[in-house]
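Comments concern the structure below.
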Amino acid sequence: MTPEDPIAQGLATMASAGFEFGGDDEQVAHDVRTMWQQLGAPTGAFAAAARAIAALPQRPEVPVAEQARRRAFERAVGINP
């Protein structure tokens with residue numbers, strides 16, 4: 001399986017989003033494993049998903065001087081930092 005496979009992309013996105021929404025290691029692992037099992041436990045899916053995570057869009061770096069302003073904006077519009 002390749003990182004471009006829809007299953008790998010889905011698992012990668014699920015793992016990334018789980019952490020972004022404040023999930024802990026155990027909860028995210030449980031959720032991703034459950035989805036993997038529901039998809040038929042395809043061989044190579046975890047390795048491909050790990051490679052796909054590296055290609056997911058990342059938040060832009062913000063200078064230290066601007067971080068407080070960014071946090072205030074994120075809170076104002078409901079974005080989980």
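What you see is a predicted model, and the numbers here were worked out from it, not measured in a lab. Index from 1, following the sequence.
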_Any residue meeting salt bridge (Lys or Arg N to Asp or Glu O under 4.0 Å) with E4, in chain and number order, not counting sequence neighbours_ = none
_Whether the side chain of T13 engages the backbone of Q9 through a donor-acceptor N/O pair (distance < 3.5 Å, no angle test) should be reported._
yes
*Got a sec, which residues hit side chain to side chain donor-acceptor pair (under 3.5 Å) with D5, two or more places apart in sequence or on another chain?*
none
_Taking side chain to side chain donor-acceptor pair (under 3.5 Å) as the definition, give me every residue that meets it alongside R70, ordered by chain and number, with sequence neighbours left out._
E74
*Any pair with a residue in residues 34-44 that passes side chain to side chain donor-acceptor pair (under 3.5 Å), sequence neighbours left out, goes on the list, sorted by first then second residue, please.*
none
*For D24, check side-chain contact (heavy atoms from CB on, under 4.5 Å) against everything at least two apart and list the hits.*
E26, Q27
Pairs under 3.5 angstrom only: tabulate donor-acceptor contacts from the side chains of residues 45-56 to other protein residues two or more places apart or in another chain.
| residue | atom | partner | partner atom | Å |
| --- | --- | --- | --- | --- |
| R51 | NH1 | A47 | O | 3.4 |
| R51 | NH2 | M1 | O | 3.2 |

*Quick one: closest heavy-atom pair of L11 and M35, and the distance?*
CD2-CG, 3.9 Å
*Would one find more than 12 heavy atoms of other residues, nucleotides or ligands at under 6.0 Å from atom CZ of F19?*
yes
